[in-house]
Amino acid sequence: MTQLILDTSQYNISLPESRKGGYAVERQPLSVDVEMITGRMVRELRGSVWVIGYQYGYFTDAEKNNLIAACRKGQGQPIRCGFLPPDSASALTYSNFLVTSFTYPTFMWSKKVMDNGEVTFVPMWGNFSLELREVEPSD
């Protein structure tokens, strides 16, 4: 089942299903602190935004490179993402998100692959995590 899609103009990446608590979606209040003329500080609630946490390992070299490029792009500008909200069984919801943080995958091991009768070793990458925050309040 697809939980998260990073939909950038150059890198449309459907991330593998995360297991063991590696995928979390929650609503968080979006607010701003305002200083009144009298000097009082008040917090103005603008709405709620979705915040997504995702962890996964075991990407191939090409998947890793596309994933890093998409995350870098998402740090500088909003990217369209499809995500599985906690109250949905299978329908993805789409919205614009910013990548607030991500960790670069680390080398885990080499996988032996037969290519035209020759044995080659393909690097596998793991320990990747990603955090996204919705740009505009959705409620």
Side-chain angles (χ1 to χ4, degrees):
M1 169 179 270
T2 302
Q3 294 170 322
L4 185 60
I5 297 173
L6 303 179
D7 187 10
T8 64
S9 59
Q10 295 174 343
Y11 307 99
N12 296 325
I13 301 171
S14 177
L15 295 171
E17 182 178 347
S18 183
R19 294 187 169 82
K20 296 183 182 178
Y23 178 76
V25 180
E26 64 181 8
R27 282 206 177 273
Q28 290 184 355
L30 181 64
S31 61
V32 64
D33 291 337
V34 179
E35 185 175 357
M36 307 300 283
I37 293 176
T38 61
R40 257 187 21 214
M41 292 292 293
V42 295
R43 180 162 288 156
E44 180 183 340
L45 182 63
R46 300 278 171 97
S48 295
V49 292
W50 288 108
V51 176
I52 301 171
Y54 177 85
Q55 295 177 341
Y56 195 78
Y58 315 126
F59 293 102
T60 64
D61 211 31
E63 291 170 333
K64 173 196 66 98
N65 293 337
N66 289 340
L67 188 59
I68 289 172
C71 289
R72 283 184 183 155
K73 182 177 181 180
Q75 284 184 317
Q77 64 186 14
I79 57 174
R80 189 119 178 107
C81 296
F83 67 100
L84 186 64
D87 57 353
S88 176
S90 62
L92 295 179
T93 301
Y94 284 85
S95 187
N96 291 325
F97 284 83
L98 285 172
V99 175
T100 55
S101 70
F102 75 97
T103 58
Y104 286 87
T106 56
F107 177 77
M108 299 301 277
W109 74 83
S110 293
K111 185 168 107 175
K112 189 189 293 187
V113 176
M114 292 294 289
D115 186 26
N116 294 331
E118 292 185 25
V119 175
T120 58
F121 293 95
V122 177
M124 297 301 288
W125 300 86
N127 296 333
F128 172 76
S129 66
L130 169 71
E131 288 185 16
L132 302 162
R133 185 185 67 82
E134 193 174 23
V135 176
E136 297 287 329
S138 55
D139 65 344

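The two residues Ile79 and Gly74 come nearest to each other via the heavy atoms CG2-CA, 3.9 Å. Residues Leu132 and Cys81 share a closest heavy-atom pair of CD1-SG, 4.3 Å. Nearest approach of Pro137 to Gly47, heavy atoms of both residues: CB-CA, 3.9 Å. Listed here is the closest heavy atom pair of Ser48 and Glu134: O-OE1, 4.3 Å. Between Ser18 and Gln3, the shortest heavy-atom distance links the atoms N-OE1, 2.8 Å. In terms of heavy atoms, Ala91 sits closest to Pro85 at O-CD, 3.8 Å.
Taking the six-membered ring for Trp, Tyr54 and Phe83 have ring centres at least 6.0 Å apart.
Under the 4.5 Å side-chain contact rule for hydrophobic residues, Val25 and Ile5 share a cluster. Linking Ile, Leu, Val, Met, Phe, Trp and Tyr whenever their side-chain heavy atoms come within less than 4.5 Å leaves Val49 and Leu6 in two separate clusters. Val99 and Leu30 fall into different hydrophobic clusters, where Ile, Leu, Val, Met, Phe, Trp and Tyr are joined by side-chain heavy atoms under 4.5 Å apart, directly or via other members. Note: the hydrophobic cluster containing Trp50 also contains Leu92 (ILVMFWY, side chain heavy atoms under 4.5 Å, direct or indirect links). Leu4 and Leu98 sit in two unconnected hydrophobic clusters of ILVMFWY residues. Membership requires side-chain heavy atoms under 4.5 Å apart, directly or through other members.
Considering only residues two or more places apart in sequence or on other chains, Arg80 meets the salt bridge (Lys or Arg N to Asp or Glu O under 4.0 Å) condition with none of them. Applying the side chain to side chain donor-acceptor pair (under 3.5 Å) test to Arg43 and every residue at least two apart in sequence or in another chain returns Asp33. Listed by chain and number, the residues in a ring pair (Phe, Tyr, Trp, His ring centres under 6.0 Å) with Phe59 are Tyr56, Phe128 (sequence neighbours excluded). Annotation: ring pair (Phe, Tyr, Trp, His ring centres under 6.0 Å) contacts of Tyr94 (sequence neighbours excluded): none. In terms of the salt bridge (Lys or Arg N to Asp or Glu O under 4.0 Å) criterion, Asp87 has no residue partners (sequence neighbours excluded).
Residues Ser95 and Val135 fail the side-chain proximity criterion, which asks for heavy atoms closer than 4.5 Å. Two residues are said to be in side-chain contact when any heavy atoms from C-beta on lie closer than 4.5 Å; Val51 and Thr100 fail this criterion.
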For this session: Any chance you could lay out the side chain to side chain contact (heavy atoms under 4.5 Å, CB included) test for Tyr23 and Glu17, step after step, and finish with the verdict?
Result: CA-CA 8 Å; Tyr23 178 76; Glu17 182 178 347; over 6 Å; no
For this session: Take Leu15 and Leu130, measure what side chain to side chain contact (heavy atoms under 4.5 Å, CB included) needs, and give me the verdict at the end.
Result: CA-CA 11 Å; Leu15 295 171; Leu130 169 71; 4.3 Å; yes
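The CZ atom of Phe102 sits 6.0 Å away from the CZ atom of Arg72 when rounded to the nearest 0.5 Å.
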Can I get a per-line list of side-chain donor-acceptor pairs under 3.5 Å for residues 109-127, giving both atom names and the distance, sequence neighbours left out?
unit_1: Thr120; atom_1: OG1; unit_2: Val113; atom_2: O; d: 3.3
unit_1: Trp125; atom_1: NE1; unit_2: Asp61; atom_2: OD1; d: 3.0
unit_1: Asn127; atom_1: ND2; unit_2: Thr106; atom_2: OG1; d: 3.4

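Under a 4.0 Å N-O distance rule, the pair Glu131/Arg133 does not qualify as a salt bridge.
Counting only distance, with no hydrogens or angles, the side chain of Glu136 and the backbone of Asn96 share no donor-acceptor pair below 3.5 Å.
Counting heavy atoms of neighbouring residues, nucleotides and ligands inside a 6.0 Å radius, atom CE of Met41 exceeds 12 of them.
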